[in-house]
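Order of appearance sets the numbers: ligands from 1, and atoms from 1 within every ligand. Keep in mind that the numbers below use all heavy atoms, side chains included, and drop hydrogens, waters and symmetry copies. None of these values were measured; they are calculated from a predicted model.
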Amino acid sequence: MSATQYPPVTVPWARPPVGEDEADAAREAIAATRLSMGRSVREFEAALMDYTGRAHAIAVSNGTDALEVAMRLLGVGAGDEVLVSALSYIATVNCIVRTGARPVWCDVDPRTLNIDPAEVARRITPATRALVTADYCGFCIDYAPIERTLAEHGVPLLVDGAQSLGTFHGARSALALGRVSTTSFHSAKIITTGEGGMVFVDDDELAERARRYRGQGEVPARKYVHDTLGFNHRITDFQGAIGVVQARRLPDLCARRRAAADSYYRLLEQVEGVTLLDPLPGTTPAWFSLPILVDDRDRLAHELRMEGIETRSLYPIPTYRQAIPEYGHPPQPLPGAEETSARVLNLPLFAQITDDDIQRVVGGVRAHVGAGG
Ligand SMILES: Cc1ncc(COP(=O)(O)O)c(C=O)c1O
């Protein structure tokens, strides 16, 4: 059977919001003598400390490395259990498995695709070493009941904010929550440095340890003297320079995403067969993408792609069913994750998306949803 011939993509799923200002900043950084971990990286860290309200920000090579560092900071290791959503990006879970700890899957709330707080309360045990949350597509998790459960058991929270830089719980950044939080600057993210990530903490000692893990475990101010098993998680200065410009633009980029999401919701609310997710009251999503729940999702994705519209499914199978040998035997299926992974479709959403693009996407959804094969 030959592969489907699709027309060129005219509305991509994501588009990095970078232009001349970022190019100029990168060029200047390249002209400077220090190409890695210089002044621009420190400025980028300071800008995001300011934005998130965190006392420390440690820039690293990508969001996966940020999670790796976070696991080290929380002391997670073999024999531990770590609670995590059953519907997650793979890196959110891999960081747990890589330490030798066991992921304990918590089902999602089908109204938000976020981890269900009742599941956290149900599955926490004396062996639980941490909870890792990731605000799904920037939809803020209901943290109040989760924080109560964690406080009762003395378990720390790690917020994987790869999709939620720009998510606010009231006036508080979602990345200000948890003992440690992380984010990603991959090219599809809210802001980007191509690749890149950051670790956020308030505690001075944790910040010092994070910097040491990033830089091969070297003792500060003592070149080639090491007291910790570290790694090279460093980031270049031209990425830092791009990050400084992106951080400056972050509030505007988020406002554009919110305006696009408002337009989508106004138009999609009237489309039969489409279920929209409910943002938690009192919170502002970062709108990493525009998720909808539909029957016959794969056919709708195909029809949209035939019209040049690119979509994704975050995520098409529950994470516990990934065929990674280290994940061990799958547990009982979890109904929320099973149902929503079969129905979720993520529509294009990025800061530069136009009203025309949105009309086209919604027109395609309206024409093909529930239309049968
Ligand atoms: C929720 C989540 N966690 C972690 C990551 C990993 O980030 P990176 O691709 O920068 O390693 C991503 C990125 O795609 C993500 O969406």
Pair R249 + D252: basic N to acidic O under 4.0 Å: no

In plain terms, say whether E81 and R129 are close enough for a salt bridge, that is, a side-chain N and a carboxylate O under 4.0 Å apart. no

Hydrophobic cluster mates of I115, side-chain heavy atoms under 4.5 angstrom, ILVMFWY only, any path? L83, V104, V120, I124, L131, I141, Y143, I146, L150, V155, L157, V159, L177

Under the side chain to side chain donor-acceptor pair (under 3.5 Å) definition, can you give me all pairs with a residue in residues 347-361, not counting sequence neighbours? T10-R360, T354-D357

Could you check ligand 1 for N or O atoms lying under 3.5 Å from protein N or O atoms and list the pairs with distances?
residue, atom, partner, partner atom, Å
ligand 1, 3 (N), D160, OD1, 3.3
ligand 1, 3 (N), D160, OD2, 2.6
ligand 1, 7 (O), S184, OG, 3.4
ligand 1, 10 (O), G63, N, 2.7
ligand 1, 10 (O), S184, OG, 2.8
ligand 1, 11 (O), G63, N, 3.3
ligand 1, 11 (O), T64, N, 2.8
ligand 1, 11 (O), T64, OG1, 2.5
ligand 1, 14 (O), K189, NZ, 2.7
ligand 1, 16 (O), Q163, NE2, 3.0

Report, as yes or no, whether the 6.0 Å neighbourhood of atom CZ on R39 holds more than 12 heavy atoms from other residues, nucleotides or ligands. no

Scan residues 54-99 for pairs that pass ring-ring contact (aromatic ring centres under 6.0 Å, His included), counting only residues two or more places apart or in two chains. none

